[in-house]
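All remarks here apply to the structure that follows.
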Number of protein chains: 2
Amino acid sequence: MVDTLATDVSDARERIKAAASRVFSTKGLDGARMQDIADEARINKAMLHYYFRNKQQLFEMIFEELLTRVFSALEALVADHASFEDRIRAFVSTQITIISEFPAMPLFVLLEARKDPELLSRKFVGKPLDMVRQRFSDMVDREVSSGRIRPVTFDQLFINILSLSVYPVVAEPMIRFVLGMESGAFQSMIENRKTLVADLIIRDLNPFSI
Amino acid sequence: MVDTLATDVSDARERIKAAASRVFSTKGLDGARMQDIADEARINKAMLHYYFRNKQQLFEMIFEELLTRVFSALEALVADHASFEDRIRAFVSTQITIISEFPAMPLFVLLEARKDPELLSRKFVGKPLDMVRQRFSDMVDREVSSGRIRPVTFDQLFINILSLSVYPVVAEPMIRFVLGMESGAFQSMIENRKTLVADLIIRDLNPFSI
DNA sequence: GTCTATAGGCGGATAGAC
DNA sequence: GTCTATCCGCCTATAGAC
């Protein structure tokens, strides 16, 4: 076992990061207790400060790693040579899968980004985000000008896809409360959305719709 | 001035509630400082404890009032005698307007609801939520069976409307970062969505779409 | 590297004068 | 009702033994 990329659960450092992901993403930065993270990682509280100088530094590391995963999903939009439709289907499905793993993650990311508006740009300078956006934006424009989809702005299309994919997972407590859903029903509803959302988006882009 | 319903800003109690709304909804329950709320309300910290026994009680009052406003918007869905389409348009527009006033509110509502899963049901028992849902659900079913809209489940329709309306406002920091938007551009984009989202939903319900 | 014990401070809450 | 001063617990962080 010399796989340096694999997450080694026996490694304290990796256990801490996994524990911190869970605790931060459910309780937020302020609500999280170093003791909670230590317990979750089956480690002494003092060891947290041995591996990571302080809470803020631990948080920023987790923050960055979570977002890197999310952003890398964007590459499904430009990476391979699939059709426009298939790219959207892949993106929706990936996005829902990732968010489902840490459903509260967008909550704390957005809360912290609001408290510290520079956080995002501080952590993600020089990442290939602009390029991905540009390429997907161009792709949308090509589809529009060739008449394969109806005229839409890239921005609104992107926001629609993200909203329909991410929000339902994040808003689980509210949705289950308002619609009176059990946990199982909620989960299969989310599962359905991996295709349902893509269907909606594709249908909406059809140039021959009303 | 004997209007007991109007919010009297000279009344300390009302100033505190307004201040607490702002502070809680931007910093969350744990991140909010009683001192911040006191400053924002231009009042002494001790007075907070005079008017509201403790932080938790102040929080629960704000929580309940914010959610009551959101839920009451649901009544746009069933209240008057407008057409199905107009009800959806009214609901989308109202929802975006309310959320825009306290954009971070869903963040802290959802975060707290996750930390304390009983919170929602504890605070909202006996409210006319079930009735509104039932009436709107029936309405959807009638539209479907009469062939005026294509077959959809009420649940997924509701979730789509909510996601498209609420999430973009909530996710402002992320959207502006990824799409490189200035504050002004973002706001007019949101304003556009008041009709754009309704258009999308209505178009999607058309039984003669592809 | 691991752990115990403890420092140190922040922030919620209260006492008590006015 | 309003304010100052202060208490006290909780939680981050570190010192220091092993």
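Just so it is clear, the structure is predicted and the values come from calculations on it, not from any experiment. Residue numbers start from 1 in every chain, and the chains themselves are labelled A, B, ... in the order their sequence lines are given, proteins ahead of strands.
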Less than 4.0 angstrom from a charged side-chain N to a carboxylate O is my criterion; do A:Lys123 and A:Asp116 meet it?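 No.
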May I ask you to verify if any side-chain N or O of B:Arg33 is less than 4.0 angstrom from the OP1 or OP2 atom of C:dG12? yes
Does B:His49 make a side-chain N or O approach to OP1 or OP2 of C:dA13 shorter than 4.0 Å? yes
Measure from [atom1] on [X] to [atom2] on [N] and round the result to the nearest Å.
{"X": "B:Gln57", "N": "C:dA13", "atom1": "CD", "atom2": "C1'", "value": "13 Å"}
{"X": "A:Tyr50", "N": "C:dT2", "atom1": "OH", "atom2": "C1'", "value": "9 Å"}
{"X": "B:Lys27", "N": "C:dC10", "atom1": "NZ", "atom2": "P", "value": "15 Å"}
{"X": "A:Gln56", "N": "D:dT12", "atom1": "CD", "atom2": "C1'", "value": "13 Å"}
{"X": "B:Phe52", "N": "D:dG1", "atom1": "CZ", "atom2": "C1'", "value": "15 Å"}
{"X": "B:Gln35", "N": "D:dT6", "atom1": "CD", "atom2": "P", "value": "17 Å"}
{"X": "A:Asn54", "N": "D:dT14", "atom1": "CG", "atom2": "P", "value": "7 Å"}
{"X": "A:Arg42", "N": "C:dG1", "atom1": "CZ", "atom2": "C1'", "value": "17 Å"}

By the 4.0 Å heavy-atom rule, please label A:Ala32 as base, sugar-phosphate, or nothing. sugar-phosphate
NA contact type, A:Tyr51, heavy-atom cut-off 4.0 Å: base, sugar-phosphate, or nothing?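 A:Tyr51: backbone/sugar contact only, no base atoms under 4.0 Å.
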Nucleotide of [options] approaching [X] most closely (side-chain heavy atoms):
{"X": "B:Lys55", "options": "D:dA13, D:dT4, C:dA13", "value": "C:dA13"}
{"X": "B:Ala46", "options": "C:dT2, C:dT14, C:dG11", "value": "C:dT14"}
{"X": "B:Met47", "options": "C:dC3, D:dT2, D:dT12", "value": "D:dT2"}

Separation of B:Arg135 CZ from B:Leu74 CG (nearest 0.5 Å): 12.0 Å
Please verify the inter-ring angle class for A:Phe63 with A:Phe108; under 30° counts as parallel, over 60° as perpendicular, anything in between as tilted. perpendicular
Over 60° means perpendicular and under 30° means parallel, so tell me whether B:Tyr167 and A:Tyr167 are parallel, tilted or perpendicular.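 Aromatic pair B:Tyr167/A:Tyr167 classed tilted.
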Examine the base of C:dG12 for any acceptor or donor lying under 3.5 Å from a partner atom in the side chain of B:Lys45, and report the outcome as yes or no.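 Answer yes: a donor N or O sits under 3.5 Å from an acceptor.
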B:Thr26 side-chain N/O to B:Val23 backbone N/O, donor-acceptor pair under 3.5 Å: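 It does hold such a pair.
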